[in-house]
Each structure stands twice: as structure tokens, then as C-alpha cells.
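For reference, the structure discussed in these notes is given below.
Each chain gets a letter, A, B and so on, in the order its sequence line appears, and its residues count up from 1.
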2 protein chains.
Amino acid sequence: MKLSTKGRYGLRAVLDLATNTDNEAIALSQIAERQEISVNYLEQLIAKLRKAGIVNSIRGAQGGYVLAKPADEISIGDILRSLEGDLSPVDCSELNDSDTECSHSDLCVTKYVWKRISDSINDAVDGIMLSELVEESRKIQAEAGITQDNRSKQTC
Amino acid sequence: MKLSTKGRYGLRAVLDLATNTDNEAIALSQIAERQEISVNYLEQLIAKLRKAGIVNSIRGAQGGYVLAKPADEISIGDILRSLEGDLSPVDCSELNDSDTECSHSDLCVTKYVWKRISDSINDAVDGIMLSELVEESRKIQAEAGITQDNRSKQTC
DNA sequence: TTATATCCGAGTAATTTAATAGGAATTAAA
DNA sequence: TTTAATTCCTATTAAATTACTCGGATATAA
């Protein structure tokens with residue numbers, strides 16, 4: 001019942017992009033360096049974000065990525081779902097429209113539990129906007145005076 | 001972000017035990033047969049439930065398992081946490097007291113997100129008591145007239 | 001004494017995750 | 001027009017986790 005690095009790294013990447021933007025495209029290599037994640041791996045994650053319409057890419061030299069929408073119109077739920085797939089605790093055709101067949105849904109009692117969990121997770125993440133995290137991130141950085149030196153490998 | 005078979009099978013096993021009890025110990029082989037889960041694997045799951053004080057075991061012939069407490073005093077949260085470990089979306093020492101060190105917790109912005117998710121999951125599962133599922137299960141079985149024949153392999 | 005159970009730990013197969021790697025396509029700037 | 005910087009895409013691999021299986025020890029009612 002854990003998020004994978006896709007969700008964790010990917011959210012950090014979007015937050016980095018949103019926090020460090022100066023209205024120009026940011027190269028993935030910059031994000032990768034700041035977040036200490038390999039460029040190759042980040043490419044795969046940002047591809048999901050692009051396909052979900054969360055970031056836009058600008059190809060070629062001086063290219064990079066920009067947010068596709070204002071940060072207050074992007075929910076953390078949008079970001080995490082695009083990276084992790086649905087946030088339901090089980091693959092169940094009644095909760096999400098997955099491909100899993102469930103021939104006994106009328107007899108299934110536990111789906112009552114899975115639905116409650118699923119709804120509560122989605123409500124929680126849809127209630128947080130990227131802009132809130134950006135604000136928090138800038139506040140913290142201002143207080144701490146972050147530089148290259150006092151940053152350390154992040155695990156979660 | 002999915003529960004493993006530990007949580008899914010284990011919850012079904014407890015629910016089976018609670019639903020089909022007649023105040024005598026139920027052998028694991030019976031639960032295993034009804035739920036179509038291997039006895040060997042179920043053993044590992046019920047061991048967790050026993051250590052968590054959710055079921056009691058009676059050893060020897062005619063032995064088996066019984067609920068350690070009335071079903072209305074056992075929450076689904078208790079059951080799932082004993083099977084899956086903590087239900088937090090990340091291993092973070094600030095959310096749960098795991099062994100993971102986090103040297104930059106004061107700089108971590110995403111923990112705000114993980115905490116909200118974690119709390120919402122735990123609130124959801126702690127708000128459902130086993131007795132509710134038992135009631136629902138009995139109702140459904142009465143309606144459908146469940147027999148060996150119309151049961152089918154459950155996936156979630 | 002025997003059959004029926006739980007209990008326990010080791011081993012293994014299958015799946016998923018977390019990357020790495022290499023090259024094609026695109027574009028700004030020299 | 002060439003070059004360097006960059007995204008884009010797919011295949012492969014290494015590591016970790018999950019989902020079991022297996023064998024035997026221990027306990028106990030009949």
C-alpha cells in the first residue's frame with residue numbers, strides 16, 4: 001500500500017518545475033540535478049505528465065518543460081493519478097473502469113471497504129492544489145536559505 | 001498504491017470466520033476451502049492476525065480459530081494494518097515511526113501530502129467495524145441463497 | 001496412540017519496480 | 001548549414017517484492 005517512486009519522484013519533479021519556473025522552459029536535466037534523480041528515469045515520468053496534460057514540452061535546444069496550466073488549477077490528485085494510475089486500493093471493475101473482470105460483484109462484501117478507501121484517498125489528494133505546495137516550498141526555502149550545500153538526498 | 005493479497009485475502013478470511021462462526025473454533029482448512037485460498041498461505045496471514053490480537057487459536061485436533069473480540073470491537077483498520085503494516089503511502093519517519101531515516105524533514109514539502117493521504121485512509125478504515133461487514137455478508141447470502149455451486153473465484 | 005490441527009521457518013517462482021541504455025527527432029544558436 | 005542541446009521513444013536489465021510452496025515440529029481431542 002505504498003506509492004512507487006513514479007508518484008514520489010514525479011510529484012517532486014512537478015513541484016520543482018512549478019517552484020523554480022521563471023516563465024521559461026526548464027530543462028529536465030536541471031530538475032534531475034536538483035532532485036537527484038536520473039534524467040533517463042525522469043523522462044519516463046514526465047512523459048506521463050505530458051500525456052495527462054499537466055506539463056507541456058518544448059523540443060529542441062533551449063527547450064524544456066512548462067506547466068500546462070496555472071498551479072492553482074492542478075490538483076495533487078491529477079498529478080498522482082497520471083503517474084501511478086488510479087489510486088484505488090484494489091483492481092476492481094466496480095471502483096475504477098479497469099479491465100479486471102469481476103463475476104461476483106453482487107456477492108462481494110469487501111468492495112464496500114475498497115470504495116470507502118478509494119473515495120477518501122481521492123478526496124484528500126483532489127483537495128490539495130499544486131499552488132499550495134509551491135507556496136509552502138518557497139516559504140521553507142526562504143526560511144532555510146537553501147543552497148546546493150545543505151540539500152540532501154530525499155527518500156520520500 | 002495497491003493492497004497486496006495479504007490484506008485482501010486476510011480480510012476475507014476474518015470476515016469468513018466472523019460470518020460462519022457457531023461459537024466453536026473454525027479450522028483454517030474450512031476457511032481456505034470456502035475462500036479458495038491455499039491453507040499454507042492462509043496460515044501466514046492468520047499468524048499476523050493472531051499476533052495482533054484479532055483472532056485466538058486453539059491448537060490440536062478439533063482446534064481452529066475464533067475472533068478474539070466481538071466483531072463490533074474490531075475495526076477494518078485493525079485488520080488491514082495487522083496484515084499490511086502501516087497504511088501510509090510512503091515510508092516516512094514523521095508519519096509512522098518506521099526505521100527510515102529522513103535527514104531533511106524540515107525541508108520536505110511533500111510530507112504534507114503524504115500525511116493527508118495517510119490520515120484519510122486510516123480514518124476511513126477505522127470507521128468501519130467488522131460487524132458491519134458481517135451483517136452485510138449475511139444479508140447478501142440470505143438474498144442470493146449461496147451454495148457451493150454459485151460461488152466463484154474472488155479476485156478482490 | 002492416532003488423526004487433526006496449529007505453528008514456524010526456509011526456499012522458490014513469478015511479478016513488478018526501478019532503473020539503464022541507445023538512438024531518433026527537433027530546434028535554437030553559432 | 002552545422003552543431004549542440006534538448007525532448008522523445010523503446011528495449012533491455014537488475015533489483016526488489018510478492019505470492020506462494022514445502023517440510024517438519026508441536027499440541028491436543030478422541
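Closest of all the heavy-atom pairs between Ile31(B) and Leu17(B) is CD1-CB, 4.0 Å. Scanning both residues, Asp126(A) and Arg81(A), for their nearest heavy atoms gives OD1-NH2, 2.7 Å. Between Lys111(A) and Leu95(A) the shortest heavy-atom distance is O-CD2, 4.4 Å. Taking every heavy atom of both residues into account, Gly63(A) and Ala25(A) meet most closely at C-CB, 3.9 Å.
The residue Ile46(A) sits apart from the nucleic acid: no heavy atom pair falls under 4.0 Å.
Nearest-nucleotide positions on DNA chain D for Arg50(A) and Gly63(A) put Gly63(A) closer to the 5' end.
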Pair Val14(B)-Leu67(B), side chain to side chain contact (heavy atoms under 4.5 Å, CB included): steps then yes or no: CA-CA 8 Å; Val14(B) 179; Leu67(B) 288 186; 4.1 Å; yes
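Checking the phosphate oxygens (OP1, OP2) of dC7(C), a side-chain nitrogen or oxygen of Ser57(B) falls inside 4.0 Å.
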Under 4.0 Å protein heavy-atom contact, by nucleotide of nucleotides 14-24 of chain D - B base, S sugar-phosphate only: -----SBBB--
B/S/- contact track for nucleotides 25-30 of chain D, protein heavy atom under 4.0 Å: -BBBB-
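Of the residues in residues 19-27 of chain B, none has a non-hydrogen atom less than 4.0 angstrom from any atom of DNA chain D.
Side chain to side chain, Ser75(A) and Asp78(A) meet the donor-acceptor criterion of an N or O pair below 3.5 Å.
For Asp119(A), the side chain to side chain donor-acceptor pair (under 3.5 Å) criterion is met by Lys115(A), not counting sequence neighbours.
Without hydrogens or angle criteria, Arg12(A) side chain to Gln35(A) main chain gives a donor-acceptor distance under 3.5 Å.
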Using a 3.5 Å cut-off and no angle test, enumerate the donor-acceptor pairs between side-chain atoms of residues 37-52 of chain B and protein atoms at least two apart in sequence or in another chain.
| residue | atom | partner | partner atom | Å |
| --- | --- | --- | --- | --- |
| Ser38(B) | OG | Tyr41(B) | N | 3.0 |
| Tyr41(B) | OH | Thr5(B) | OG1 | 2.8 |

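Within 6.0 Å of atom CD in Glu135(B), 12 or fewer heavy atoms from other residues, nucleotides or ligands are found, so the atom counts as exposed in its surroundings.
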Pairing annotation in dot-bracket form, given for DNA chain C with Watson-Crick or G-U pairs under 3.5 Å and | for cross-strand partners: ||||||||||||||||||||||||||||||
